[in-house]
Amino acid sequence: MGVEGRMKCVKYLLFFFNFIFWLCGLALVVLGVLVQVALHSTVVINNVSASSAPLVLIVVGVIVFFIAFFGCCGAWKESYCMVTMFSILLGLIIITEIGAAIAGYVFRGKLTVIVHDGLNDMVTKYSNGTAEFKKALDNLQIDLKCCGVTNATDWIGKFGSVPNSVPDSCCINVTASCGQGAMGDALKIHQTGCETVVEKLLKKNLMWVIIAALVIAFLQIMGIIFACMLMGGIRSGYEVM
């Protein structure tokens with residue numbers, strides 16, 4: 001295959017990779033939104049660093065979405081300026097994505113402390129909290145089938161006037177007053193603490209963020225390589241069409 005044939009192949013490969021980037025940008029936005037919702041639906045995460053990785057991915061996803069369209073136009077029109085700008089912007093995006101992956105991994109190691117402190121604070125403030133606050137924790141315990149921070153005994157002295165009582169949301173079958181005096185009854189009350197369940201859920205979501213960022217960054221590096229090859233062909237005056 002001659003030089004012109006190779007350049008034509010590179011042109012269409014770059015166009016194809018940009019279409020993949022377009023889909024990747026959309027995927028990053030969706031994944032970032034899903035993880036952000038997962039983080040805050042637990043209502044125990046109020047640490048700013050917890051939101052950094054998914055928020056960065058959402059922003060990066062939107063930018064990639066538009067840069068990919070820009071790259072497609074540059075490849076199709078064989079514009080040296082557009083392809084060069086595409087390569088530079090894509091390089092900056094790769095650095096940002098790697099940073100998001102590192103931030104997600106670092107935060108993953110701090111989850112235990114953050115989740116424990118958040119849940120413990122919620123359990124302590126439950127009795128004097130607003131109806132909305134109580135509903136949030138109740139929904140958490142019902143949805144995740146858990147009770148307390150580490151186990152149901154975390155509610156000792158923090159709920160109700162009847163000894164060994166827990167909120168009704170701790171019950172296996174939730175009914176009115178089902179949690180009164182039933183703390184130690186494994187047939188009525190979930191004995192697993194919410195800390196373990198929430199931590200496992202968040203780690204799973206963050207791992208998907210890390211994997212997605214690294215995989216897409218690798219694909220984008222390939223895109224930059226093709227872009228540089230096309231730039232060389234355009235600058236040398238080879239016929240690409």
Side-chain angles (χ1 to χ4, degrees), residues 31-57 100-212:
L31 183 61
V33 170
L34 289 177
V35 174
Q36 186 74 355
V37 170
L39 285 173
H40 290 281
S41 64
T42 63
V43 301
V44 301
I45 305 298
N46 51 23
N47 189 292
V48 175
S49 63
S51 300
S52 60
L55 283 178
V56 167
L57 283 185
I102 293 174
Y105 185 80
V106 171
F107 170 70
R108 191 171 180 268
K110 298 178 180 179
L111 269 178
T112 301
V113 175
I114 294 174
V115 171
H116 178 84
D117 291 346
L119 282 171
N120 189 63
D121 186 58
M122 291 186 74
V123 169
T124 301
K125 297 178 179 178
Y126 182 87
S127 294
N128 297 321
T130 62
E132 183 179 356
F133 182 85
K134 292 180 180 180
K135 183 179 179 180
L137 184 52
D138 285 336
N139 288 338
L140 175 69
Q141 293 190 140
I142 293 173
D143 293 341
L144 299 183
K145 296 178 171 50
C146 58
C147 185
V149 183
T150 55
N151 52 56
T153 60
D154 291 314
W155 287 104
I156 294 177
K158 298 176 183 177
F159 177 78
S161 57
V162 179
N164 296 325
S165 292
V166 294
D168 294 340
S169 56
C170 283
C171 297
I172 296 174
N173 296 309
V174 180
T175 56
S177 302
C178 63
Q180 288 192 8
M183 180 181 294
D185 192 342
L187 296 178
K188 291 184 178 181
I189 304 299
H190 292 295
Q191 298 299 310
T192 303
C194 295
E195 178 181 357
T196 302
V197 184
V198 171
E199 184 181 346
K200 183 178 180 180
L201 175 65
L202 296 181
K203 281 187 175 182
K204 179 181 178 180
N205 280 282
L206 285 175
M207 183 52 66
W208 279 113
V209 170
I210 294 170
I211 293 173

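Applying the salt bridge (Lys or Arg N to Asp or Glu O under 4.0 Å) definition to pairs two or more places apart or across chains, those involving residues 122-132 are D121-K125. Sorted by first and then second residue, the side chain to side chain donor-acceptor pair (under 3.5 Å) pairs involving residues 165-177 (not counting sequence neighbours) are D138-S169, Q141-S169. The side chain to side chain donor-acceptor pair (under 3.5 Å) analysis of residues 189-198, with sequence neighbours excluded, yields the pairs H116-E195.
Heavy-atom neighbours of K134 NZ from other residues, nucleotides or ligands within 6.0 Å: above the threshold of 12.
Contact annotation: the side chain of I189 never approaches that of I172 to less than 4.5 Å [non-hydrogen atoms, C-beta and beyond]. For the pair M183/I156, a side-chain contact is recorded, criterion being any heavy-atom separation below 4.5 Å from C-beta on.
With values rounded to the nearest 0.5 angstrom, S127 atom OG is found 7.0 Å from W155 atom CH2. To the nearest 0.5 Å, atoms SG (C178) and CG (D185) are separated by 11.0 Å. Summarising the geometry, atom CD1 belonging to I142 is positioned 9.0 Å from atom SG belonging to C171; distances are rounded to the nearest 0.5 Å. The structure places OH of Y126 at 5.5 Å from CZ of F159, a figure rounded to the nearest 0.5 Å.
Partners of K135 under the side chain to side chain donor-acceptor pair (under 3.5 Å) rule, at least two apart in sequence or in another chain, do not exist in this structure. For T124, the side chain to side chain contact (heavy atoms under 4.5 Å, CB included) test picks out N120, K158, with sequence neighbours left out.
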Please list, one pair per line, the donor and acceptor atoms closer than 3.5 Å that link side chains of residues 143-153 to other protein atoms, with sequence neighbours excluded.
residue, atom, partner, partner atom, Å
T150, OG1, D154, OD2, 3.1
N151, OD1, T153, N, 3.0
N151, OD1, T153, OG1, 2.2

